[in-house]
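As a basis for the values below, the full set of heavy atoms in this structure was taken, side chains included, without hydrogen atoms, waters or symmetry mates.
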Amino acid sequence: VQLQASGGGLVQAGGSLRLSCAASGRTFRRYIMGWFRQAPGKEREFVAHITGSGVTSRYADSLQGRFTISRDNAKNTVYLQMNSLKPDDTAVYYCAAGPILSTTQADFPSWGQGTQVTVSS
């Protein structure tokens, strides 16, 4: 599956952004979809994932309550709604697709190109 992330940008602290990730192919609903992020000088980290049906999702502990992952299988798209953004949320955000429910990058074989999110103080 090929993935194309979009929606990043510059936002002030406390603001919101919604990222989108469009997938190619007719098997989108079979994939676990995840979001990861990589801040400058740091390793890439798990943000959230969602099951193929969209019923179950999981978040990094530090993001619970501010970020929401969702998907529209009819549009082959997964979203990440980010609210109450902080400067520490500044990172390149990546969407990924994989066959199993995991928080580990290695379990996601397909990756989008990343979209930059910058939160100013």
Side-chain angles (χ1 to χ4, degrees):
V1 62
Q2 293 184 325
L3 305 173
Q4 180 76 35
S6 61
L10 175 63
V11 63
Q12 289 188 335
S16 298
L17 279 176
R18 188 177 80 156
L19 306 183
S20 299
C21 177
S24 63
R26 295 177 291 179
T27 59
F28 177 70
R29 65 174 56 248
R30 297 181 184 177
Y31 289 99
I32 306 298
M33 297 300 298
W35 286 97
F36 292 77
R37 68 183 184 182
Q38 187 166 19
K42 296 185 178 181
E43 295 186 351
R44 194 175 299 184
E45 63 177 359
F46 169 76
V47 172
H49 65 210
I50 189 167
T51 54
S53 65
V55 171
T56 302
S57 59
R58 180 179 175 180
Y59 301 88
D61 290 342
S62 61
L63 303 176
Q64 187 79 38
R66 295 195 298 121
F67 288 16
T68 303
I69 189 171
S70 62
R71 67 191 295 163
D72 185 338
N73 287 339
K75 295 182 179 179
N76 278 16
T77 301
V78 63
Y79 304 98
L80 185 68
Q81 177 67 43
M82 305 185 294
N83 299 328
S84 302
L85 283 163
K86 306 174 182 179
D88 285 349
D89 294 319
T90 295
V92 178
Y93 284 72
Y94 299 88
C95 58
I100 64 173
L101 206 58
S102 173
T103 62
T104 303
Q105 299 179 54
D107 292 328
F108 290 84
S110 299
W111 289 79
Q113 84 288 4
T115 185
Q116 176 71 48
V117 172
T118 303
V119 184
S120 63
S121 57

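- Hydrophobic clustering (side-chain heavy atoms under 4.5 Å, transitive across Ile, Leu, Val, Met, Phe, Trp, Tyr) keeps Leu17 apart from Tyr79.
- At least one donor-acceptor pair closer than 3.5 Å links the side chain of Ser24 to the backbone N or O of Gln2.
- Val117 places none of its side-chain heavy atoms less than 4.5 Å from the side chain of Asp89.
- Using a 4.5 Å cut-off on side-chain heavy atoms (C-beta onward), Phe108 and Ile32 make contact.
- With rounding to the nearest 0.5 Å, the separation of CE in Met82 from OG1 in Thr68 is 11.0 Å.
- To the nearest 0.5 Å, atom OG of residue Ser121 and atom CG of residue Asp88 are 10.5 Å apart.
- Around the CD atom of Gln38, the shell of radius 6.0 Å holds more than 12 heavy atoms that belong to other residues, nucleotides or ligands.
- Leu101 and Leu63 fall into different hydrophobic clusters, defined by Ile, Leu, Val, Met, Phe, Trp and Tyr side-chain heavy atoms under 4.5 Å apart, directly or through other members.
- Of the possible polar contacts, none joining the Arg29 side chain to the Asn73 backbone as a donor-acceptor pair under 3.5 Å is found.
- One distance of note links OH of Tyr93 with SG of Cys21; it measures 15.0 Å at 0.5 Å rounding.
- Rounded to the nearest 0.5 angstrom, Arg18 CZ and Ser70 OG are separated by 7.0 Å.
- Residue Tyr31 is grouped with residue Ile69 when hydrophobic side chains (ILVMFWY) are merged at heavy-atom distances under 4.5 angstrom, including chains of intermediate members.
- Within 6.0 Å of the CZ atom in Arg58, the count of heavy atoms belonging to other residues, nucleotides or ligands does not exceed 12.
- Test Leu80, Val1, Leu3, Thr77 against Met33 for side chain to side chain contact (heavy atoms under 4.5 Å, CB included) and you get one pass: Leu3.
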### Task
Report the C-alpha separation of Ser6 and Thr115 in whole Å, then their side-chain angles, then the decisive distance to 0.1 Å, and conclude whether the side chain to side chain contact (heavy atoms under 4.5 Å, CB included) test is met.
CA-CA 6 Å; Ser6 61; Thr115 185; 5.5 Å; no
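- Here Gln4 pairs with Gln113 under the side-chain contact (heavy atoms from CB on, under 4.5 Å) rule; sequence neighbours left out.
- Note that the OH atom of Tyr59 and the CD1 atom of Ile50 stand 6.5 Å from one another [nearest 0.5 Å].
- Environment of CZ in Arg44: crowded, with over 12 heavy atoms of neighbouring residues, nucleotides or ligands closer than 6.0 Å.
- Thr104 has its side chain out of reach of Phe46: every pair of non-hydrogen atoms, C-beta onward, lies at least 4.5 Å apart.
- The distance from the CD1 atom of Ile100 to the NE2 atom of His49 is 10.5 Å, given to the nearest 0.5 Å.
- Between Trp111 and Phe36, the two ring planes are tilted [angle within 30° to 60°].
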### Task
Apply side chain to side chain contact (heavy atoms under 4.5 Å, CB included) to Thr90 and Gln116, showing your working.
CA-CA 8 Å; Thr90 295; Gln116 176 71 48; 4.0 Å; yes
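- Side-chain contact between Gln105 and Tyr94: absent, with no pair of heavy atoms (C-beta onward) separated by less than 4.5 Å.
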